[in-house]
Amino acid sequence: SEGGGFEVRYWSPLNSPVLDGDGEVCWIIHRVEDVTEAMRLKAEGAALDQLTREQQGIIDQLRRANEDLAARIAENARLQDERRRMQESLEVALRAADMGTWDMDFVRLKTRRSLRHDQIFGYGELQTDWDSAAFLRHVLPEDQQAVREADLRAQMSGELSIECRIKRLDGEVRWVMVKGRTSYDK
């Protein structure tokens with residue numbers, strides 16, 4: 001329209017013969033129709049169909065991913081429930097055996113303990129600051145060397161086994177048996 005370049009157009013020819021009285025072709029009427037708009041709509045429709053197929057593929061992928069996630073969440077909930085039941089069973093067994101549990105982090109030299117562990121030492125609640133030195137403060141002086149030697153053997157072998165006497169917070173002396181095994185994070 002401004003005098004430069006080409007414009008793509010589509011045309012549809014229609015040829016119709018005109019017959020004479022003897023049935024011979026005497027004329028051909030040639031008619032051409034501009035179908036550019038129809039072709040544009042057809043191309044847009046094909047592009048829209050392709051886009052719809054691609055979107056449906058994405059929707060299907062998302063649906064499968066959502067189903068997989070839902071299955072994983074359900075499995076995680078099942079495992080958490082099983083873990084909780086096992087923890088409760090362990091706690092019942094530990095109470096019945098009158099035992100405490102502990103975990104030592106050798107990097108930070110701190111422990112995680114059960115409440116029963118700290119109760120054995122005479123505390124009514126978990127102590128926030130407990131480490132090897134806190135344990136040794138409760139061990140009777142005449143047993144401390146044996147405890148240190150057992151600790152060194154445990155560092156070499158990975159197995160800890162100590163029997164010693166402790167003095168509880170209330171002054172009562174008790175025999176305790178400490179058993180442990182070293183494991184390493186991967």
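Just so it is clear, the structure is predicted and the values come from calculations on it, not from any experiment.
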With sequence neighbours excluded, residues passing salt bridge (charged side-chain N to carboxylate O under 4.0 Å, His left out) with R165: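 So R165 forms a salt bridge (charged side-chain N to carboxylate O under 4.0 Å, His left out) with E142, D143.
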Sequence neighbours left out, what passes salt bridge (charged side-chain N to carboxylate O under 4.0 Å, His left out) with E67? Give chain and number order.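 So E67 forms no salt bridge (charged side-chain N to carboxylate O under 4.0 Å, His left out) with any residue.
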Salt bridge (Lys or Arg N to Asp or Glu O under 4.0 Å) between D103 and R113: does it pass, once the steps are laid out? CA-CA 6 Å; D103 238 350; R113 299 155 334 276; over 6 Å; no
Do L160 and K179 have side chains that get closer than 4.5 Å, going by heavy atoms?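 No; the side chains remain at least 4.5 Å from each other.
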Looking only at the aromatic ring of each residue, does the gap between the centers of F121 and W130 stay below 6.0 angstrom?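 Centroid separation for W130 and F121: below 6.0 Å.
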For the ring pair H138 and Y123, is the centre-to-centre distance below 6.0 Å?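 So the answer is yes for these two rings.
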Shortest non-hydrogen contact from [X] to [Y]?
{"X": "A150", "Y": "I162", "answer": "CB-CG1, 3.4 Å"}
{"X": "W102", "Y": "V178", "answer": "CZ2-CG1, 3.5 Å"}
{"X": "Q119", "Y": "G124", "answer": "NE2-O, 4.4 Å"}

How about I28: does its CD1 atom have over 12 heavy atoms from other parts shown lying under 6.0 Å from it?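 Not more than 12 within 6.0 Å, no.
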Answer yes or no: does atom CZ of R31 have more than 12 heavy-atom neighbours from other residues, nucleotides or ligands under 6.0 Å?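 No, not enclosed.
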Stepwise, does the side-chain contact (heavy atoms from CB on, under 4.5 Å) test hold for S16 with W27? CA-CA 9 Å; S16 300; W27 301 94; over 6 Å; no
To the nearest 0.5 Å, what is the distance between [atom1] ([X]) and [atom2] ([Y])?
{"X": "N76", "Y": "R83", "atom1": "CG", "atom2": "CZ", "answer": "10.5 Å"}
{"X": "E91", "Y": "Q87", "atom1": "CD", "atom2": "CD", "answer": "4.5 Å"}
{"X": "S132", "Y": "R137", "atom1": "OG", "atom2": "CZ", "answer": "10.5 Å"}
{"X": "E33", "Y": "S12", "atom1": "CD", "atom2": "OG", "answer": "6.0 Å"}
{"X": "L126", "Y": "D118", "atom1": "CG", "atom2": "CG", "answer": "5.0 Å"}
{"X": "L79", "Y": "R84", "atom1": "CG", "atom2": "CZ", "answer": "13.0 Å"}

Distance-only check: which donor-acceptor pairs under 3.5 Å involve side-chain atoms of residues 44-51, not counting sequence neighbours?
residue, atom, partner, partner atom, Å
E44, OE1, R40, NH1, 3.1
E44, OE2, R40, NH1, 2.4
Q50, OE1, R53, NH2, 2.8
Q50, NE2, E54, OE2, 3.0

Please determine whether residues L169 and V176 belong to a single hydrophobic cluster, defined as Ile, Leu, Val, Met, Phe, Trp and Tyr linked transitively by side-chain heavy-atom distances below 4.5 Å.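 In one cluster: yes.
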Is there a path of hydrophobic side-chain contacts, each under 4.5 Å between heavy atoms of I/L/V/M/F/W/Y residues, joining V8 to M39?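 Yes, it is one cluster - the side chains of M39 and V8 are joined through contacts under 4.5 Å.
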Identify each donor-acceptor pair in which a side-chain atom of residues 17-25 lies under 3.5 Å from a protein atom, sequence neighbours left out, and give them as a table.
residue, atom, partner, partner atom, Å
D20, OD1, D22, N, 2.9
D20, OD1, G23, N, 3.0
D20, OD1, E24, N, 2.8

Is the backbone of [Y] close enough, under 3.5 Å, to the side chain of [X] for a donor and an acceptor to pair up by distance?
{"X": "Q127", "Y": "E125", "result": "yes"}
{"X": "Q144", "Y": "L136", "result": "yes"}
{"X": "T36", "Y": "Y10", "result": "yes"}

Test side-chain contact (heavy atoms from CB on, under 4.5 Å) applied to E172 and K167, step by step: CA-CA 6 Å; E172 179 185 347; K167 187 172 187 180; over 6 Å; no
Name each donor-acceptor pair under 3.5 Å that joins a side chain in residues 92-101 to protein atoms two or more places apart or in another chain, with its distance.
residue, atom, partner, partner atom, Å
D98, OD1, R116, NE, 2.6
D98, OD1, R116, NH2, 2.5
D98, OD2, R116, NH2, 3.2

Please lay out, stage by stage, how E75 and R72 fare under the test salt bridge (Lys or Arg N to Asp or Glu O under 4.0 Å). CA-CA 5 Å; E75 177 64 8; R72 288 177 186 217; over 6 Å; no
For R148, is there an ion pair with D151 - N to carboxylate O distance below 4.0 angstrom?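 Judged by the 4.0 Å cut-off on N to carboxylate O distance, D151 and R148 do not form a salt bridge.
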In sequence, state the C-alpha distance, the side-chain angles, and the governing distance for I166 and V173, and then conclude on side-chain contact (heavy atoms from CB on, under 4.5 Å). CA-CA 6 Å; I166 62 164; V173 174; over 6 Å; no
Partner residues of R85 under the side chain to side chain contact (heavy atoms under 4.5 Å, CB included) criterion, sequence neighbours left out: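 Applying side chain to side chain contact (heavy atoms under 4.5 Å, CB included) to R85 gives D81, E82.
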